[in-house]
Amino acid sequence: MVQLYNLHPFGSQEVVPCKLEPERFCGGGRDALFVAAGCKVEAFAVAGQGLCQPRCAFSTLGRVLRLAYSEAGDYLVAIEEKNKATFLRAYVNWRSKRTENSRVCIRMVGHDVEAPFSETFRDQMSIVEMPLSEAPLCISCCPVKGDLLVGCTNKLVLFSLKYQIINGEFSILDFERSLIIHIDNITPVEISFCIGYVAVVSDLEVLILKLESDPKNGERVNRHPRKTNNPVKLSEDISNETLQLESDDFVICQKPMELLGEKSKQSGIAVTLESTGLADEKIKYFHVQHLLYRRFAPDISSCVLSDDIKLHSLQLLPIYQTGSLTSERKHSSQEKELLSLFCFFSLPHVGYLYMVVKSVELMSVYQYPEKSQQAVLTPQFLHVITSNNLQCYTVRCSAAAAREEDPYVDTTLKACPPVSMDVCALRIQLFIGLKAICHFKNHIILLTKADPETIPERRESPKRLLSRKGTSVNLKTPPVAEAGWNLYIVNTISPVQLYKEMVDYSNTYKTAKTQSCIHLLSEAHLLVRAALMDAGQLEPGEKAELLEAFKESCGHLGDCYSRLDTQYSHLALPYYKMSGLSMAEVLARVDWALEDGTQKYERGLIFYINHSLYENLDEELSEELAAKVVQMFYVAEPKQLPHILCSPSMKNIDPLTAISYLRKLDTSGFSSVLVTLTKAAMALKMRDLDMHRNEMKSHSEMKLVCGFILEPRLLIQQRKGQIVPTEFAVHLKETQPGLLVASVLGLQKNNKIGIEEADSFFKVLCGKDEDTIPQLLVDFWEAQLVACLPDVVLQELFFKLTSQYIWRLSKRQPPDTTPLRTSEDLINTCSHYGLISPWVNVLISSESLADKNYMEDLSKLQSLICGPSFDIASIIPFLEPLSEDTVAGLSIHVLCRTRLEEYERCIDRLLERCPEAVIPYANHELKEENRTLWWKKLLPELCQRIKCGGEKYQLYLSSLKETLSVVAVELQLRDFLNVLPEDGTAAFFLPYLLYCSRKKSLT
């Protein structure tokens, strides 16, 4: 049974001053209410408080059978009956109708308007006749585009709304019959249409379709008369069999059936599309997608079939994209983007609400306490009328739409009451003689008609119908009491006002700690959320009030989930976040009173505070609140206490209080390196260095690194989005820099800190600006290479290190602190640092480089270049600051060009700058396929330079002798003779020639 709350969603009521008893009525748009009676339609203007004033009236062709209004296009459409014939007519530009006798233009749908008559359409109402081959049964207007769907026997006809452009300043509204949807085996009693979605009901069947514009799949549009297919034949066979059995005094009732998605094609209802638009125009819909088919069985419990067991109140309700609830975005009818679509239909005692956009899903089932006559669905409520009651139920449309709109719902960031939450009745209001209902904006239109025998009694004792606390509205005596009918406008109260009443009502459940409190507050939350989603209905200034109510409702739900011990206690976190309450404000709402000397803290509150302290909020708790938080976690979650104390929000905690609780953890058997580090941090805060040193000595360095990995906030914190090193990190920088680098490396290895964050940390720690690199950061980069972290981009790390080495060498800038590793350490422990080529040492030794730091940076750079992983081409453009005029710069340039296999160029530079290094270079580099350079490059160059003489003559001569020795071994005698210079002295080359000639015999 649906839970009933005695709330007051209905406010004031007004009587619509109709002259005749209404037969049909509808409302919509900004302020329009239409009432059809006899052969006349009266239009009323409805003000914000429900005040209803006549606007105009116009005659119809006959009695109005169906009436519908479209806000898109601002037109009224009616099915009218005259002389047992039905007609479909649209009334456009009706606001220009001044008097009942004003001129009216009648035109046929799709006919072009002659130019001389175009100006007359500006100031007069037009009636558009829409002839059909079959009698229209029902109509529906698309609330977004204004297209008109007409239901006939076995088919639906779609009229697309369009505008005939007369000139640049004026256009007239018109329709085009663009599509026929043939539906066999079902006669539409009611239809609903919204942006390509079509819902059809017969007496006991429901069919929901979607018209697709994608031409790839589905049933193609047919431009020719269709032929009957097998499903129709099958249905006819069943129908004939049913008639045969019924003639023998049997009644055949088909069993209930629900088919979702593609399975609904198995219903036996054939659907085909026939395009009737112009052949040269773009086809709007290509095929149809089946979404839902549901069939109900009649109630035969009384052994008598009742004609009243029929479906009614079919409705498609769209909810549009609104963006963030706090945005100022406004939607016009042209800008509306469909977010979710819901379909409602009802049996006399049960109503069904489906979600039909991305997936077809039954959301809610409404069990009415008595037989219903009609119902209307709004984004906030379901209003149902019975013969004597107006019932108001909650709906879950906003809950479903919120999940479609915001992917963060149902995470730790945002929450929303579940779609599956039981619906409830907010009010069952006595209302005598209800016959029909419609809804627009915040108005409910009700037609009442009492039975003849009840009229005198009602006239003698008028009853108070609607009341709310001190405000009451009395039923007004109808103008003609004998008629026994009235048309009322009942105004629903503002969402904020109803929300406040629901919150007040929920207070009765708080002390009992029941689910009813959460349920009613969830209903209040969804009410406000639905009002914010329906932004087009908000009055100026109302949105700010709704947003405030929304945040307040989130706070109330956060309180419930934090205090009640339920399986959904974790929802306290997202609701408190959405409320905008600070952590201090939430803690101020907590009842800290002791019960029997003990204090119990519920899971929801612990979960919220724990997560909030983990999220580095830019909020510092007072010393008093921080002490209460420590006490709370010591009682409820002692293992989390060290983590809690490391939060930036707990900055003001008294260190003595913290250490006292931490020592209690030790005595209770909960001892770990994390507790030790937390106590060491608190000792630093108290400036007790002896205690700090004793704590740090109690564990090995490896265990201390593991402790920092367990709680990175011991070293690194974030405040206002900026990385801030802790006092602990500053102390380690001065006393144990190696431990600090190893700890940050462990954080990175365990994904506790990113690469850029680690770089920023060391820069801030060392007090350097963005462009200055401290030595501690270089140590960290070198440690990354040694550790071979898988997520580190090697070439990027190489670039950082080489850039820093080159900058220091070019500026002769010493490091600001002593490096943690020497070049020898790196070569021995890291595969990316290679052995430096022997000829480099010869080259470097040619000049005196006394600066140790300079030599260390040079050796590290040389070792990196000699390593197997370095991309030499990437560093060449950055070598310009290192001049080749220095030995250090020359060694780097020659190393890089050697790695690029520019051997001849390297030989030229070495012969010119450092001839003594040429032979060690050739011995190390000119191997295998490059050995030919000994006689093709090196030998001719040496001979040429010896001829020129100079101060390096002796160096060239000794290099030539060693070159000849190598060439004599490598070449045959004839080849050796060919490479010798023609003008050389025979006596000089003779020993090498003799060795070459004897080589073969020796081998």
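The model shown is predicted, which means the values in this text are computed figures rather than measured ones.
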* Check for a donor-acceptor pair, side chain of R719 on one end and backbone N or O of P648 on the other, with a separation under 3.5 Å. => no
* Residue pair E727, R687: steps toward the salt bridge (charged side-chain N to carboxylate O under 4.0 Å, His left out) verdict -> CA-CA 11 Å; E727 188 178 0; R687 300 291 185 266; 2.3 Å; yes
* Asked: From E615 CD over to S649 OG, what is the distance, rounded to the nearest 0.5 angstrom?
  -> 10.0 Å
* Do the non-hydrogen side-chain atoms of K628 and L587 ever get within less than 4.5 Å of each other? -> no
* Between T822 and D825, a side-chain donor and acceptor under 3.5 Å -> yes
* Asked: After noting the C-alpha distance and the side-chain angles of E884 and R897, does the key distance pass the salt bridge (charged side-chain N to carboxylate O under 4.0 Å, His left out) rule?
  -> CA-CA 13 Å; E884 293 189 41; R897 293 193 182 104; 3.1 Å; yes
* Will you find, in the side chains of Y576 and S612, an N or O donor that is under 3.5 Å from an N or O acceptor? -> no
* Distance-only donor-acceptor check, side chains S891 and Q862, under 3.5 Å -> yes
* Given Y568 and I518, is the side-chain contact (heavy atoms from CB on, under 4.5 Å) satisfied, shown in steps? -> CA-CA 11 Å; Y568 304 108; I518 293 180; over 6 Å; no
* **Other residues, nucleotides, ligands: >12 heavy atoms within 6.0 Å of E548 CD** => no
* Steps toward ring pair (Phe, Tyr, Trp, His ring centres under 6.0 Å) verdict (Y661, F633) -> CA-CA 10 Å; Y661 278 105; F633 276 87; over 10 Å; no
* To do: Tell me, please, whether Y854 has R812 positioned over its six-membered ring: NZ or CZ under 6.0 Å from the ring centre and within 45 degrees of its axis?
  => yes
* Rounded to the nearest 0.5 Å, how far does CG of D857 lie from CZ of R808? -> 5.0 Å
* Asked: Does any donor atom in the side chain of W839 or E925 lie under 3.5 Å from an acceptor atom in the other side chain?
  -> yes
* Return the orientation label for the H570 and F607 ring planes: parallel under 30°, perpendicular over 60°, tilted otherwise. => perpendicular
* Taking all non-hydrogen atoms of both residues, which atom of K414 and which atom of M578 are closest, and how far apart? -> CA-SD, 3.6 Å
* Asked: Is T886 reaching over with its side chain to a backbone N or O of L882, donor-acceptor style, under 3.5 angstrom?
  -> no
* To do: Under the ring pair (Phe, Tyr, Trp, His ring centres under 6.0 Å) rule, what do H525 and Y575 come out as? Steps first, then yes or no, please.
  => CA-CA 11 Å; H525 176 86; Y575 278 120; 5.8 Å; yes
* Side chains of Q567 and R603: is there a donor and an acceptor less than 3.5 Å apart? -> no
* To do: Give the ring-plane orientation class for F728 versus H692, where under 30° counts as parallel, over 60° as perpendicular and anything between as tilted.
  => perpendicular
* To do: Let me see the working for D779 and R821 under salt bridge (charged side-chain N to carboxylate O under 4.0 Å, His left out), right down to the final yes or no.
  => CA-CA 7 Å; D779 292 329; R821 285 183 174 86; over 6 Å; no
* Asked: So do D759 and K800 actually touch side chain to side chain, heavy atoms under 4.5 Å?
  -> yes
* Is there a donor-acceptor contact under 3.5 Å from the side chain of S647 to the main chain of L613? -> yes
* Within-4.5 Å side-chain heavy-atom neighbours: L843 and L890 -> yes
* K752 side chain to I709 backbone, donor-acceptor under 3.5 Å -> yes
* **Lys/Arg N to Asp/Glu carboxylate O, K852 vs E856, below 4.0 Å** => no
* To do: Would you confirm whether N610, through its side chain, and I606, through its main-chain N or O, come within 3.5 Å as a donor-acceptor pair?
  => no
* What closest approach, in Å, do P418 and R403 show between heavy atoms, and which atom pair accounts for it? -> CA-NH2, 3.7 Å
* S863 side chain vs G834 backbone, donor-acceptor pair below 3.5 Å -> yes
* Any M691 side-chain heavy atom under 4.5 Å of L684 side chain -> no
* Structure fact -> CD of E620 to CE of M583, rounded to nearest 0.5 Å, is 10.5 Å
* Asked: For atom CE of M686, is the number of surrounding heavy atoms from other residues, nucleotides or ligands below 6.0 Å larger than 12?
  -> yes
* Structure fact -> Closest heavy-atom pair, L674 versus P642, reported as atoms and distance to 0.1 Å, is CG-CB, 3.8 Å
* Please confirm whether the backbone N or O of W807 pairs with a side-chain atom of Q813, one donor and one acceptor, at under 3.5 Å? => no
* Asked: CG of L715 to NE2 of H731: how many Å apart, nearest 0.5 Å?
  -> 12.5 Å
* Y833 six-ring face occupied by K860 cation (under 6.0 Å, within 45°) -> no
* Asked: Does the side chain of L776 reach to within under 4.5 Å of the side chain of L740, using non-hydrogen atoms?
  -> yes
* To do: State whether the side chain of T726 and the backbone N or O of L714 hold a donor-acceptor pair below 3.5 Å, judged by distance alone.
  => yes
* Indicate yes or no for a side-chain donor-acceptor contact from E637 to the backbone of K639 under 3.5 Å, with no hydrogens or angles considered. => no
* **Exercise: identify the closest heavy-atom pair between V744 and I753** => O-CG2, 4.1 Å
* **Worked check of side-chain contact (heavy atoms from CB on, under 4.5 Å) between H832 and L794** => CA-CA 9 Å; H832 300 297; L794 276 180; 3.6 Å; yes
* Is any side-chain heavy atom of L732 closer than 4.5 Å to a side-chain heavy atom of F708? -> yes
* To do: Look at the side chain of Q795 and the backbone N and O of S869, then say whether any donor-acceptor pair between them is shorter than 3.5 Å.
  => yes
* To do: Please report the closest heavy-atom contact between A742 and V705, naming both atoms and the distance.
  => O-CG1, 3.9 Å
* Is the closest side-chain donor-acceptor distance between Y921 and T898 under 3.5 Å? -> yes
* To do: Output the distance between atom NZ (K651) and atom OG (S622), rounded to the nearest 0.5 Å.
  => 14.0 Å
* Asked: Can Q717 and I723 be said to form a side-chain contact (heavy atoms from CB on, under 4.5 Å), step by step?
  -> CA-CA 6 Å; Q717 294 183 353; I723 289 180; over 6 Å; no
* To do: Find the distance between OG (S660) and CG (L662) and round it off to the nearest 0.5 Å.
  => 8.0 Å
* To do: Specify the closest pair of heavy atoms between S874 and P877, including all atoms of both residues, with the distance to one decimal.
  => O-CD, 3.7 Å
* To do: For the pair V741 and E782, evaluate side-chain contact (heavy atoms from CB on, under 4.5 Å) and give the outcome as yes or no after the intermediate values.
  => CA-CA 10 Å; V741 169; E782 292 171 349; over 6 Å; no
* Asked: Mind checking whether F798 and L864 have side chains closer than 4.5 Å, heavy atoms only?
  -> yes
* Would you call I844 and M855 a side-chain contact if the rule is heavy atoms closer than 4.5 Å? -> yes
